[in-house]
Structures are given as structure tokens and as C-alpha cells.
*Asks:* 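Before we start, here is the structure in question, set down as C-alpha cells.
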Amino acid sequence: MSAHNGSSNGKVAPDAFPPPVDSQKEFIKRGLDDEDELIEVGVAIVGGGTAGLACANRLLALLGDDPETMERLGEVPVAVVEKAKTCGGHNLSGAVMRPGPLQELFGDLTREQWREEGFAFGEVTKEAVYLTPTSKLSVRIPTPPPFKNHGNEVVSVSALARYQQRRAEEAGAYILTETSATQLVVEDGRVVGVRSGDKGRGKDGEPLGNFEPGTDIKARATVLAEGCWGHLTGAAIREFDLAKDREPQVWELGVKEVWKVPQPLDRLIHTMGPWPLKISSKYGQIGGTWIYPMTNASGEHLISIGFVVELEYADATTSAHDLLQTFKTHPLVRKILQGGERIAWGAKALPGGGYWSMPKLSMPGALLVGDSGGMVDTMALKGVHHCIKSGMIAAETIYAALRHGSSDLSDYEQAIDDSSVGRELWEVRNARQPLQKGLLIGGALSGLQQISKGKLPGRADWHRNDAKPMFIGNTKDAYVKPDGKYTFDKLSSVFITGNATRDDAPNHIRVQKHVPREIAETWRWMCPAGVYEIPEDAPEHGDVDVIVNYTNCVQCGAITAKGGRLTTPEGGDGPLYQIL
Ligand SMILES: Cc1cc2nc3c(=O)[nH]c(=O)nc-3n(C[C@H](O)[C@H](O)[C@H](O)COP(=O)(O)OP(=O)(O)OC[C@H]3O[C@@H](n4cnc5c(N)ncnc54)[C@H](O)[C@@H]3O)c2cc1C
Ligand code: SF4
């Protein structure tokens, strides 16, 4: 379909312009290379984020007590493949964490020691939730159940991943950073490992002077811990039909900043809008914000502030980055940031479908953990503790199989269902969907679901974000102009992420490059890193060319929800988050 056969403002859905990708053909490798050309490991974990590293640490703890099984796994019992420069480099969260699973994983550490290690910033003791009817007004409301955070801990997942990496290495993990896993290797209907990506290719894929080909990594079990919309996870879902009878996954996009501020904030704050979003259901905008206090080990006062928007919206000019900049000008926020300095920025998508959208979590030879398995409660904006718990349960499932000489990992799905992950996600399984009817009607229905703690029967459905017809609306008219002190443009924001993608790297973003303006505008506004451009002389209506400045990409993954596809870039490319 194209503008030439009927596109007009408000009638074009991104799924009519699918990305040029055949994930099963391109991202599934049929069979391993010869034995002398591959690396053999015991368990391969793809993704050194919270979930993958929890799995590595739990597995090594179990193997540490069982030298016989450890021995059978060979020289490299556990390998973690991470595309960022270091673990943590690509991880971002709000991040207020329910502490239980981390306490269980590292039982030797107190919460005071978490803070000394530099990944935790204090226990939540006070909180407040506001409605923001206008750009000037805020109204405090009683804290709705999902926003109750007493006793939780403010952390940084990028710093936590660095700590988990150190612990895993001390326990014997082999961590391959700057390495993308680009293909899932399948032999006789079973996952037998992954292939790492080539390095040193030029713009058109040609090998450069420093070219290094990728390698097959053979494993007895593979864990996909790739986070939101995983590259291999997507291919595995198709290959093994893991989404059969589930609701489609839907996505949200969050943009976050960390500020150093002169005055400590004494409470955790959430706002539920509607400003700066539009309340009319025509715009399909649902979102909210957080402001979390953080005090670091040196006693400095920091703030985590962010804006999350569901990617179900219909106004192409919706931009999470600009919404956050605009939100910072509200008096409620401005007084908190007054005299402060922005020290970090980042963006990331998260899976929002919850329980019904979780794919089947096991396939022959492999498991899905954390965001790869969709384990986020977006009512409460909580995924970190589920990532840790699911990583631990995956480790326990794999260990039990290895110990008994079995290759059957199918118990994992039930173990997740029976755990705190399954129980908590079940309780809110129908709570988020009503909000798509708009804040007023949807809010009441959602409230009923929450009060019932999941006891009301039924299965609320989701529909795909890329099936939503887009129109070019006026959300953009309210965005503030960056002042370089409190509000910033996209490019200066990307700059402070330490993004290090080579200018001559191959393009890892797959989108159609000649699309109706509604689609091009959707990508242009949505992308927090300013990757998509529309030439100035492009026609106002009809099809336009899209320029893709892919070296700016911070790998947030949002494009995959709205008609494109983020594939794995060369290992080491992308941002280097420190405290997000
Ligand atoms: C804006 C935002 C706010 C949030 N706020 C909160 C909050 O306040 N509290 C809370 O509990 N949860 C929150 N969440 C959810 C929570 O952050 C996530 O559930 C959690 O961090 C996901 O962890 P993960 O390990 O599954 O994935 P990730 O942290 O995404 O880690 C995946 C890792 O895999 C690597 N990787 C991916 N593919 C490959 C590949 N093919 N090859 C090599 N490496 C690969 C990535 O580089 C990354 O390091 C928030 C999420 C977002 C986006
Ligand atoms: S191009 Fe990169 S940063 Fe921009 S939306 Fe896509 S994945 Fe996110």
C-alpha cells in the first residue's frame, strides 16, 4: 500500500509498511559449523542485563556446590554474550525495585552494602502521586495501589549490571562483551547455541582491514535474556511458534534523565497526566512520569526523572523525549530541578502486554527470561525484580536438567507461573488494557481490576501497536524549545550517552525508506535519538523519502513497535550508560 493508492491523514497504519526482514531466514542458522571452527560452552546466556546476569550468578552458585556437574560442562561452564562495551552499557530503568529477588540472589549482601557498591540509592519512605490537569496545575491524589512503593529501593540497573558482571566473573563466568549474538543456531528442531556477529564491516557490508568473522557458540542450553524485543527472541518466537494463542505484545517507550540537584527530594513522585498528553481518545495517548530521589555513596543528591508513553498512540507527533522536556517546565518539577545539572540521558522501550502477552517461555534447548519473556507489570512499572527471579528460576531449571543428564527444560514455564513472577503478573493481567479506552472510562475499569486483585474473570485483549492508523496531529505544538539548561534537544542528549557507533558501520535499522508522510513523521517524532529525517523539500502529502541516521541510534527498540526493526548492531556500538 502507498500514498498513491489511498493514503490520507489518519488512514495509514505502520503495519502496511513492514520492515524488509525475514527473521527466520536471516536470524536462524540451520546447523553448527564444524567442531574445530566453533567455541563450545556449557550454557550460553544472550544478554548481560539484570535477567541474564541473575541467571549466570545463580547457575554458578549451584555449580559451585556441585563440582562434578560443573566439570561436565567443560572449560567454559557459563558464557554471557553482551553487545554493549561493558555489561550495563545498554541497560536503563526507572528504577524502583522490589528488593526480594535481589536479596535472594545475593544473600550475603545487606541493602546498606548495595549502596556502598554504588548500584542502590536508598529505600523509599515517602511517596506522592499527582494529576497534572494543565501546564501549571498539579493535584495530589491518594496513592493508587500500583504506585505504593514503601520499602522498595531506588537502583540503577546499569550500575547493578556492572556489579552482577563482577560477581559472575569472580564465580567463573566468561563474559564476552562487545559481542552481538546475531543468529540462533537450530539443529534438528532444537536450539544448540548462537552465532556471534562479524566485526569490522563497512557501510555496504564489505569487510574492512580489521574484519573479524563471527563464531558459532555451541551450548547445551541457551538463555535468551535480550531485554525488550530481542533480536533472537523474535526469531525464536516465530521459529517455535511461541506466541500461539497469546495476545500480541505491546510496547511502551521511556525517556529518562538523571540530575544532580542542590536540595534532596524527600519522596518518590509519580504523575498520571493528562498534561502534557491529550486526554481525547482520538490521540490514543496513555503515559505518565516518575521522579525518584537518589543519594549516592558520596552523599550527593540525584534525581531520576522520566516519561513513559504507550506506543499505542495515534498522533504521529508524539515524542517521549519532547514530552519529558516539556514536563520539566511544570512548576511541580521545575522547583525540584532548580539549580541542578543534567548528568545522564537515555531511552528504552519496555514490553507492556503483561501476563497474556507473554510468549511460551521454553523451547527445545532454550529459555526466555526477563523482558525477553515480557515479564513486566506496567501498571506498577516494575520489571527488575521479575527479571532477577526469572533468571534464577531459569538457572535452577537448567541446573536440574544438567545434573540429571537431561536436556528437557519444559518445567520452566510452570515454575515461572507458580513463582512470584507468575502470581504478581496474573493479578494485574486485565488491569492495563482498559486504559486504552481513555483515562476517564478506562481508569475506572482499571481500578476495579486492581481492587479485585485479579479475581474478576476474563481475558482482556490487546491489539498490535503497528496496526494503529496514524494521523499528523498537534501534540507537537505544546513542546518546549530547548534552552540547553533545563530542556534539551535530541542530539545533545544522545551526545551525553557516550554513543560510539562507527560512522562507517553497516545500517542495523530496517525500515522502508519511501513511505507516506504519516509514517515518516511517526518515526521522526518517536525516535528519541533523532535517527529519522524527512528532507526539507519533501511533499507535504503523499509519500516521502526517509533518511536514516542510524549511527545516532541508542538501541531503544521502539521502532520495532511502529513498523520498523532494530537488528543487532556491531558489538560495542551504541550508548555507554553508567547510572540509568
Ligand atoms: C523507561 C523504563 C522505566 C522502567 N522503570 C522501572 C522501575 O522503576 N522499576 C522496575 O522494576 N522496572 C522498571 N522498568 C522495567 C525494567 O527496567 C526491565 O524490566 C528490566 O531492566 C529488563 O531487564 P532485562 O535484563 O530483561 O533486559 P535489559 O536490561 O534490556 O538487558 C538486556 C541485555 O541484553 C543485551 N542484548 C540484547 N540482545 C543482544 C544480542 N542479540 N546479543 C548480545 N547482547 C544482547 C542488551 O545490550 C542488554 O544489555 C522500566 C523500564 C523502562 C524501559
Ligand atoms: S532508531 Fe534506535 S533510538 Fe531510534 S527509535 Fe529506533 S531503536 Fe530507538
Side-chain angles (χ1 to χ4, degrees), residues 27 45-55 80-84 86-98 149 152 154-155 157-158 160-161 164 176-184 194 196-197 224-233 252-256 268 290 292 304 306-308 320 346-351 368-378 380-388 390-391 490 494 508-509 511 523 526-532 548-550 552-562 564-569 571 574-575 577 580:
F27 310 140
I45 299 170
V46 180
T50 317
L53 290 165
C55 182
V80 179
V81 184
E82 170 53 53
K83 63 182 162 54
T86 170
C87 291
H90 290 174
N91 307 125
L92 177 152
S93 179
V96 168
M97 182 188 71
R98 295 191 182 139
N149 277 288
N152 291 338
V154 182
V155 298
V157 284
S158 54
L160 174 58
Q164 287 177 292
L176 287 111
T177 50
E178 301 195 66
T179 305
S180 286
T182 50
Q183 289 180 308
L184 194 67
V194 296
S196 66
L224 298 179
E226 294 179 287
C228 180
W229 186 263
H231 173 77
L232 301 186
T233 307
E252 301 183 3
L253 172 61
V255 175
K256 169 178 178 178
L268 193 109
W290 75 81
Y292 300 154
S304 155
F307 203 107
V308 184
K348 200 154 170 47
L350 64 153
L368 304 180
V369 297
D371 280 19
S372 271
M375 299 176 205
V376 182
D377 164 4
T378 45
L381 196 56
K382 294 281 177 299
V384 177
H385 68 301
H386 291 326
C387 291
I388 296 170
S390 64
K490 291 179 176 178
V494 174
H508 63 289
I509 297 294
V511 286
W523 296 341
M526 175 182 69
C527 176
V531 165
Y532 307 95
V548 182
N549 300 308
Y550 57 90
N552 285 348
C553 172
V554 292
Q555 302 177 26
C556 79
I559 190 65
T560 301
K562 285 284 195 196
R565 183 71 61 82
L566 167 68
T567 70
T568 42
Y577 296 145
L580 291 168

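Just follow the structure's listing: the first ligand is 1, and inside any ligand the first atom is 1.
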*Asks:* Listing by chain and number, which protein N, O or S atoms are under 2.8 Å from atom 2 (Fe) of ligand 2?
*Replies:* C553 SG
*Asks:* Under 4.0 Å from a heavy atom of G254: give me the atoms of ligand 1 that qualify, with their elements.
*Replies:* 1 (C)
*Asks:* By side-chain contact (heavy atoms from CB on, under 4.5 Å), which residues pair with S93, not counting sequence neighbours?
*Replies:* A95, V157, V384
*Asks:* Parallel, tilted or perpendicular for H508 and Y550, by the 30°/60° rule?
*Replies:* perpendicular
*Asks:* Return the residue, atom name and 0.1 Å-rounded distance of the protein heavy atom closest to atom 25 (O) of ligand 1.
*Replies:* A51 N, 2.9 Å
*Asks:* Tell me, do P569 and K83 make a side-chain contact under 4.5 Å, heavy atoms counted?
*Replies:* yes
*Asks:* List every atom of ligand 1 that sits less than 4.0 Å from any heavy atom of V376, numbering the atoms from 1 in the order shown and giving each element.
*Replies:* 19 (O)
*Asks:* Are any of the side-chain heavy atoms of L268 and N152 separated by less than 4.5 Å?
*Replies:* no
*Asks:* Among V46, T182, L176, T179, exactly one meets side chain to side chain contact (heavy atoms under 4.5 Å, CB included) together with S196. Which residue is that?
*Replies:* T179
*Asks:* For atom 28 (P) of ligand 1, what's the nearest protein heavy atom and its distance?
*Replies:* N91 ND2, 3.5 Å
*Asks:* Atom CD1 of I45 and atom SG of C55: how far apart are they, to the nearest 0.5 Å?
*Replies:* 4.0 Å
*Asks:* Starting from atom 17 (O) of ligand 1, find the nearest protein heavy-atom neighbour and note its residue, name and distance.
*Replies:* S93 OG, 2.8 Å
*Asks:* Measure the CD1-CZ distance between I388 and R98 for me, rounded to the nearest 0.5 Å.
*Replies:* 12.5 Å
*Asks:* Regarding ligand 1, does T568 bring an N or O atom to under 3.5 Å of one of the ligand's N or O atoms?
*Replies:* no
*Asks:* From the options E226, H231, Q555, select the one whose nearest heavy atom is closest to atom 41 (N) of ligand 1.
*Replies:* E226
*Asks:* Considering both backbone and side-chain atoms of T50, is one of its nitrogen or oxygen atoms within less than 3.5 Å of a nitrogen or oxygen in ligand 1?
*Replies:* yes
*Asks:* For Y577, what residues pass the ring-ring contact (aromatic ring centres under 6.0 Å, His included) criterion, not counting sequence neighbours?
*Replies:* none
*Asks:* Would you mind running through ligand 1 and noting each atom that sits below 4.0 Å from a heavy atom of L92?
*Replies:* 1 (C), 17 (O)
*Asks:* Which residue and atom name correspond to the protein heavy atom nearest atom 8 (O) of ligand 1, and how close is it?
*Replies:* V96 N, 2.9 Å
*Asks:* State, with a plain yes or no, whether a side-chain heavy atom of V511 is found less than 4.5 Å away from one of W523.
*Replies:* yes
*Asks:* Is any N or O atom of S372, backbone or side chain, closer than 3.5 Å to an N or O atom of ligand 1?
*Replies:* no
*Asks:* Looking at K348, which atoms of ligand 1 are within less than 4.0 Å of one of its heavy atoms?
*Replies:* 30 (O), 53 (C)
*Asks:* Do ligand 1 and M97 have nitrogen or oxygen atoms that lie under 3.5 Å from each other?
*Replies:* no
*Asks:* Does ligand 1 have any atom that is closer than 4.0 Å to a heavy atom of T182?
*Replies:* no
*Asks:* Measure the OG1-CD distance between T567 and Q555 for me, rounded to the nearest 0.5 Å.
*Replies:* 9.5 Å
*Asks:* With a 4.0 Å cut-off on heavy atoms, is Y532 in contact with ligand 2?
*Replies:* yes
*Asks:* I want to check something: taking the side chain as every heavy atom from C-beta on, are L580 and K348 in contact at a cut-off of under 4.5 Å?
*Replies:* no
*Asks:* Considering only the protein, which heavy-atom contact is closest to atom 27 (O) of ligand 1, and what is its distance?
*Replies:* G227 CA, 3.2 Å
*Asks:* Kindly determine whether L184 and L224 satisfy side-chain contact (heavy atoms from CB on, under 4.5 Å), including the steps that lead there.
*Replies:* CA-CA 10 Å; L184 194 67; L224 298 179; 4.1 Å; yes
*Asks:* Can you list everything that forms a ring-ring contact (aromatic ring centres under 6.0 Å, His included) with H386? Sequence neighbours excluded, please.
*Replies:* none
*Asks:* For atom 18 (C) of ligand 1, tell me which residue out of D371, V81, L224 has the closest non-hydrogen atom.
*Replies:* D371
*Asks:* Test your reading of the model: is there a side-chain donor-acceptor pair from E252 to the backbone of V308, 3.5 Å cut-off?
*Replies:* no
*Asks:* Can you find a heavy atom in the side chain of Y532 that is under 4.5 Å from one in the side chain of I559?
*Replies:* yes
*Asks:* For ligand 1, is K256 a contact, meaning one of its heavy atoms is under 4.0 Å away?
*Replies:* no
*Asks:* With a cutoff of 4.0 Å, is S180 in contact with ligand 1, counting heavy atoms of the residue only?
*Replies:* yes
*Asks:* What do you reckon, does A225 put a non-hydrogen atom under 4.0 Å from ligand 1?
*Replies:* yes
*Asks:* Closest non-hydrogen protein atom to atom 52 (C) of ligand 1, residue and atom name please, with distance?
*Replies:* L350 CD2, 3.8 Å
*Asks:* If you round to the nearest 0.5 Å, how far is SG of C556 from NE2 of H90?
*Replies:* 12.0 Å
*Asks:* To the nearest 0.5 Å, what is the distance between CG (L232) and CZ (F27)?
*Replies:* 9.0 Å
*Asks:* Is the closest side-chain heavy-atom distance between M375 and C387 below 4.5 Å?
*Replies:* no
*Asks:* Which residue owns the protein heavy atom closest to atom 3 (C) of ligand 1, what's the atom, and how far is it?
*Replies:* G94 N, 3.2 Å
*Asks:* Could you check whether any side-chain heavy atom of T233 comes within less than 4.5 Å of a side-chain heavy atom of L368, counting everything from C-beta outward?
*Replies:* yes
*Asks:* Going by the order shown, which atoms of ligand 1 are within less than 4.0 Å of some heavy atom of T179?
*Replies:* 43 (C)
*Asks:* Are any of the N/O atoms on H385, whether in the backbone or the side chain, positioned under 3.5 angstrom from an N/O atom of ligand 1?
*Replies:* no
*Asks:* Which atoms of ligand 1 are found less than 4.0 Å from any heavy atom of G370?
*Replies:* 26 (O)
*Asks:* Suppose I only count heavy atoms of V46 and a 4.0 Å limit; which atoms of ligand 1 are within that range?
*Replies:* 40 (C), 41 (N), 42 (N)
*Asks:* If you have a sec, work out which protein heavy atom is nearest atom 20 (C) of ligand 1 and how many Å separate them, to one decimal?
*Replies:* C387 SG, 3.6 Å
*Asks:* Measure the spacing between CG of L350 and CG of L381 and express it to the nearest 0.5 Å.
*Replies:* 6.5 Å
*Asks:* Below 3.5 Å, N or O to N or O, backbone or side chain included: is there any such pair between A349 and ligand 1?
*Replies:* no
*Asks:* With heavy atoms of H90 as the reference, note each atom of ligand 1 found under 4.0 Å away.
*Replies:* 47 (O)
